[in-house]
Amino acid sequence: MKRIRIKTVLSGVEPGTRVTVAGWVRTRRDSKGGFSFLEINDGSCLANLQVIAPAELDNYAGDVLKLHPGASVAVEGTLEASEGAGQAVEVRARAVRVLGFAPPVEYPLGKQKVGFDRLRELPHLRARTNSFGAVARVRHLLANATHRFFHERGFLYVHTPIITSSDCEGAGAMFQVTTLDPHTPPRRADGAVDYEQDFFGRRAALTVSGQLEGETYACAMGDIYTFGPTFRAENSNTRRHLAEFWMIEPEMAFADLDDDAELAEAFLRHLFQAVLRDGADDLRFFDRRVLPGVLARLERLADAPFGRVTYTEAVRLLETSGRAFEFAPCWGMDMQSEHERFLAEEVFKGPVVVTDYPAAIKAFYMRRNDDGRTVAAMDVLLPEVGEIIGGSQREERMEVLEATLRASGLNPDEYAAYLDLRRYGSVPHAGFGLGFERLVQFCTGMHNIRDVIPYPRAPRLCV
RNA sequence: UCCGGCGUAGCGCAGUGGUAGCGCAGUUGGCUGUUAACCAAUUGGUCGCAGGUUCGAAUCCUGCCGCCGGAGCCA
């Protein structure tokens with residue numbers, strides 16, 4: 001079918017031009033003046049295209065008057081300046097071809113309001129709503145802006161594995177991958193399941209992070225990034241967690257924590273500017289219908305310089321703030337979200353990078369600082385959301401890394417490959433991780449993370 | 001996982017012990033270059049499931065299931 005997208009039609013096609021558009025009917029209004037109005041949406045943009053379907057059409061009574069929300073049509077006609085007030089242009093149809101009717105009694109997305117909860121039960125249809133169409137477009141923009149940003153800076157996109165051998169991933173809750181029969185798995189003499197007979201000859205699971213594999217490529221290619229799905233089997237029931245989510249993880253060789261923080265700041269600013277530039281219509285929709293103020297928030301952040309503070313200074317700021325927190329701040333604690341928000345919203349009044357956390361509350365791979373009690377870690381905190389990025393300079397000194405592994409109760413033998421990077425031509429390197437859905441959540445103002453990914457997976461949710 | 005809230009018509013909701021309601025959608029009719037169209041009529045419910053208290057339960061109690069919010073964990 002030779003069709004033109006509605007986005008294109010609405011962005012400057014000359015009145016008088018013959019066009020063919022195709023899409024789904026949002027609403028139909030009949031006029032006794034001898035025609036019907038059809039509002040058509042094809043997903044290319046938020047706006048609908050108004051179609052004038054004259055009663056003279058052969059199939060007016062037979063088809064057009066039977067169109068309801070959800071029906072699909074192809075319309076051939078002429079673009080005209082609109083006589084009505086709601087739109088600049090409209091298409092006067094010479095032919096309306098029905099591709100598929102949508103029975104109004106059955107179709108769940110009519111003209112009535114449908115809540116996000118209900119739409120979550122209809123993942124195959126919810127992209128046809130204004131909200132989820134807008135989310136899908138913004139999500140695409142952000143993904144595209146991510147690749148552009150790293151490509152322009154010479155970062156290599158590395159595809160890290162989805163299935164990993166669990167031995168090397170630490171103790172997080174993982175989804176096991178197996179082809180063994182769960183009822184009658186092969187057993188070893190001691191009664192344990194014999195994973196040597198499993199598909200991979202050993203236990204395997206879905207990845208929780210591409211970082212370790214990303215580091216191996218950074219320690220050969222220089223600057224790399226990963227952008228792929230990750231999986232956590234934790235029983236988290238919150239509006240900020242998914243069992244399957246996408247993560248962006250850059251990793252830079254010959255880089256320290258300062259380089260890392262600079263990259264994070266430039267990256268976020270690039271993303272905000274890209275979505276403001278290319279997603280303006282959708283952002284206005286979110287600002288109007290989802291979260292008033294989300295647009296101004298993005299505009300503020302797109303140019304705001306990031307604050308910078310060490311964890312130790314941050315705790316002092318919290319302690320001397322005079323603010324009564326639910327959890328009293330003290331050195332050594334993990335920062336609560338109330339603390340993070342206070343720092344970003346009231347102290348720095350903008351994004352802030354907190355660095356050099358206590359070693360005790362951070363992962364084994366983060367580089368020990370000379371003070372012996374902190375590590376070169378950073379979190380980027382945003383107003384109103386808290387942490388959006390977590391990163392660190394990695395420990396590149398083999399003896400220190402080995403000692404930390406042991407102290408963490410981990411077996412260095414299982415990290416042989418990771419240690420090899422330090423054994424052979426070790427270099428300082430640093431990176432961070434950004435949860436993509438939380439970024440989409442932040443930019444759209446959508447409240448629940450399950451509504452910014454097409455098919456959300458969470459405890460008891462795999463529709 | 002813990003705490004709190006909710007579950008009533010296709011959808012969004014009201015109804016705190018006495019015959020189950022409103023709005024939207026649907027259907028029918030009317031009207032109109034309409035645009036969240038409007039006006040009138042009308043269809044539609046085993047009140048999440050199971051048990052209990054009571055003359056009587058959507059309403060009170062217990063258990064279960066599901067969803068939402070907050071917390072923890074984190075991204």
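What you see below is based on every heavy atom in this structure, not just the backbone, and it leaves out hydrogens, waters and symmetry mates. Chain letters run A, B, ... following the sequence lines, proteins first, then strands; residues in each count from 1.
- Between the CZ atom of A:R118 and the C1' atom of B:C67 there is a distance of 13 Å, given to the nearest Å.
- Using a 4.0 Å cut-off between charged nitrogen and carboxylate oxygen, A:R3 and A:D42 count as a salt-bridge pair.
- Across the P atoms, B:G48 and B:G10 are found 13 Å apart, a figure rounded to whole Å.
- Ion pairing between a basic and an acidic side chain is recognised when a charged N comes within 4.0 Å of a carboxylate O; A:E437 and A:R240 show no such pairing.
- Of the possible donor and acceptor atoms, one in the side chain of A:E265 sits under 3.5 Å from a partner among the backbone N and O of A:F306.
- Only the C1' atoms considered, B:A14 is 14 Å distant from B:C6, to the nearest whole Å.
- Using a 4.0 Å heavy-atom distance criterion, A:E90 is classed as a base contact.
- Across all strands shown, nothing is found opposite B:A14 as a Watson-Crick or G-U wobble partner with both distances under 3.5 Å.
- The main-chain N or O of A:G62 is found under 3.5 Å from a side-chain atom of A:K66 such that the two form a donor-acceptor pair.
- Across the C1' atoms, B:A57 and B:C49 are found 16 Å apart, a figure rounded to whole Å.
- Summarising the base pairing, B:C60 is matched to B:G52 through a Watson-Crick or G-U wobble pair whose two defining distances lie under 3.5 Å.
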Within the 4.0 Å limit for protein heavy atoms, which parts of nucleotides 68-75 of chain B are touched? Write it as a string from 5' to 3', B for base, S for sugar-phosphate only, - for none. SSBBBBBB
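- For A:K113 and B:C13, the NZ to C1' distance is 12 Å, given to the nearest whole Å.
- Remark: B:U34 base-pairs with no nucleotide; criterion is Watson-Crick or G-U wobble with both hydrogen-bond distances under 3.5 Å.
- Between A:Y365 and A:E215, the side chains place no donor N or O within less than 3.5 Å of an acceptor N or O (distance only, hydrogens not considered).
- B:A9 and B:U43 have their C1' atoms separated by 11 Å, given to the nearest Å.
- Following rounding to the nearest Å, A:R460 (CZ) and B:C65 (P) show an atom-to-atom distance of 9 Å.
- Nucleotide B:G7 forms a Watson-Crick or G-U wobble pair with B:C65, both donor-acceptor distances falling under 3.5 Å.
- Toward the 5' end of RNA chain B, the nearer of the two residues A:Q50 and A:P69, judged by each one's closest nucleotide, is A:P69.
- For B:G4 and B:A75, the C1' atoms lie 26 Å apart once the distance is rounded to whole Å.
- Across B:G7 and B:C13, the matching C1' atoms stand 12 Å from one another, rounded to whole Å.
- Atom-to-atom, CZ of A:F116 to C1' of B:G12 comes out at 14 Å; the value is rounded to the nearest Å.
- B:C2: Watson-Crick or G-U partner is B:G70, with both key distances under 3.5 Å.
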Show the distances under 3.5 angstrom between N or O atoms of the protein and N or O atoms of nucleotides 27-32 of chain B.
from, atom 1, to, atom 2, distance (Å)
B:C31, N4, A:K32, NZ, 3.3
B:U32, N3, A:D30, O, 2.9
B:U32, O4, A:D30, O, 2.7
B:U32, O4, A:K32, N, 3.3

Please lay out, stage by stage, how A:D451 and A:R126 fare under the test salt bridge (Lys or Arg N to Asp or Glu O under 4.0 Å). CA-CA 10 Å; A:D451 298 328; A:R126 66 179 184 170; 3.2 Å; yes
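- Across the P atoms, B:G26 and B:A37 are found 10 Å apart, a figure rounded to whole Å.
- The distance between atom CZ of A:F285 and atom P of B:A36, rounded to the nearest whole Å, is 14 Å.
- The closest side-chain donor-acceptor pair between A:S31 and A:R29, if any, does not fall under 3.5 angstrom.
- Here A:G110 lies out of heavy-atom contact (under 4.0 Å) with every strand.
- B:G72 and B:G45 have their C1' atoms separated by 41 Å, with the value rounded to a whole Å.
- At whole-Å resolution of the value, CZ in A:F35 and C1' in B:U34 are 7 Å apart.
- No donor-acceptor pair under 3.5 Å is formed between the side chain of A:N48 and the backbone N or O of A:E39.
- Among the atoms of the strands shown, base atoms are found under 4.0 Å from some heavy atom of A:S82.
- Residue A:F37 contributes atom CZ, which lies 4 Å from atom C1' of B:U34 at whole-angstrom precision.
- Base engagement by A:I52 is indicated by at least one non-hydrogen atom pair under 4.0 Å involving a base atom.
- Residue A:L67 contributes atom CG, which lies 13 Å from atom P of B:G26 at whole-angstrom precision.
- Paired with A:F150 under the rule ring-ring contact (aromatic ring centres under 6.0 Å, His included), one option of A:F227, A:F267, A:Y157 passes, and it is A:F267.
- The backbone N or O of A:R368 sits less than 3.5 Å from a side-chain atom of A:E395, completing a donor-acceptor pair.
- A donor-acceptor pair under 3.5 Å is absent between the side-chain atoms of A:T355 and the main chain of A:M378, judged by distance alone.
- A:R438 pairs by the salt bridge (Lys or Arg N to Asp or Glu O under 4.0 Å) definition with nothing, not counting sequence neighbours.
- Contact of A:Q87 with B:U34 (side chain to base): a donor-acceptor pair of N or O atoms is detected under 3.5 Å.
- Here B:U28 sits opposite B:A40 as a Watson-Crick or G-U wobble pair (both hydrogen-bonding atom distances under 3.5 Å).
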